[in-house]
Amino acid sequence: DRVNLCETAPGYSCYRVGEIAKLGTRVANWGRTPREVEVRFRLMGEGGREVAAFARKVLAQPCGLTTVEVEWPVAAGAAD
């Protein structure tokens, strides 16, 4: 397929309640044609509990990188 993710990381290593957490990755499409892909982010809390989930569909252009970002307002009771 020649499509993969790279540079997946949060904006910062720690967020506090009330801040907006930013998450991002890049879709690398090394093929010759555009590809529609769905990127899924899952935030996991202590004990493996899912805190939030996001899905973004993007059109990854050939021979390049497409940036995908999501934001999540850190809820009360969330761990740092």
Side-chain angles (χ1 to χ4, degrees):
D1 281 0
R2 304 192 68 189
V3 174
N4 62 288
L5 299 178
C6 59
E7 302 175 16
T8 303
Y12 296 105
S13 60
C14 182
Y15 290 93
R16 299 192 189 284
V17 171
E19 293 182 324
I20 303 295
K22 296 181 181 185
L23 311 166
T25 194
R26 296 179 88 185
V27 178
N29 178 5
W30 305 120
R32 295 181 183 199
T33 58
R35 297 282 306 269
E36 184 175 350
V37 297
E38 182 175 74
V39 178
R40 297 178 189 164
F41 294 88
R42 290 178 62 201
L43 299 177
M44 308 302 286
E46 294 175 349
R49 182 179 57 88
E50 184 176 287
V51 176
F54 307 92
R56 297 289 184 268
K57 289 187 179 180
V58 297
L59 184 63
Q61 295 300 320
C63 300
L65 299 169
T66 302
T67 300
V68 182
E69 297 176 321
V70 296
E71 294 183 349
W72 176 67
V74 179
D80 287 347

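In this text, all values refer to a predicted model and were calculated from it rather than measured experimentally. Just so it is clear, the values below take in all heavy atoms, side chains as well, and ignore hydrogens, waters and symmetry mates.
A search for side-chain contact (heavy atoms from CB on, under 4.5 Å) contacts involving Gln61 returns Pro34, Leu59, not counting sequence neighbours. Listed by chain and number, the residues in a side-chain hydrogen bond (donor to acceptor under 3.5 Å, both in side chains) with Thr25 are Thr8 (sequence neighbours excluded). Among residues two or more places apart in sequence or in another chain, the salt bridge (Lys or Arg N to Asp or Glu O under 4.0 Å) test is passed with Arg40 by Glu38. Not counting sequence neighbours, the partners of Glu7 by the side-chain hydrogen bond (donor to acceptor under 3.5 Å, both in side chains) test are Arg26.
Inter-residue side-chain proximity for Asn29 and Thr66 is flagged as unmet; no heavy-atom pair is nearer than 4.5 Å. Counting heavy atoms from C-beta on, the side chains of Leu23 and Leu43 come closer than 4.5 Å.
One distance of note links CH2 of Trp72 with OH of Tyr15; it measures 11.0 Å at 0.5 Å rounding. Distance check, rounded to the nearest 0.5 Å: CZ of Phe41 to CD of Glu69 gives 8.0 Å.
Hydrophobic clustering of Ile, Leu, Val, Met, Phe, Trp and Tyr side chains at less than 4.5 Å, counting indirect connections, unites Val70 with Leu5.
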Indicate every side-chain donor-acceptor pair of residues 50-57 with a distance under 3.5 Å to a residue at least two apart or in another chain.
residue: Glu50; atom: OE1; partner: Arg42; partner atom: NE; Å: 2.8
residue: Glu50; atom: OE1; partner: Arg42; partner atom: NH2; Å: 3.3

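Across all their heavy atoms, Ala60 and Val27 have their closest contact at CB-CG1, 3.8 Å. Between Thr33 and Pro62, the shortest heavy-atom contact is N-CB, 3.8 Å. Summarising the geometry of Val74 relative to Arg16, their closest heavy-atom pair is CB-O, 3.4 Å, with the distance given to 0.1 Å.
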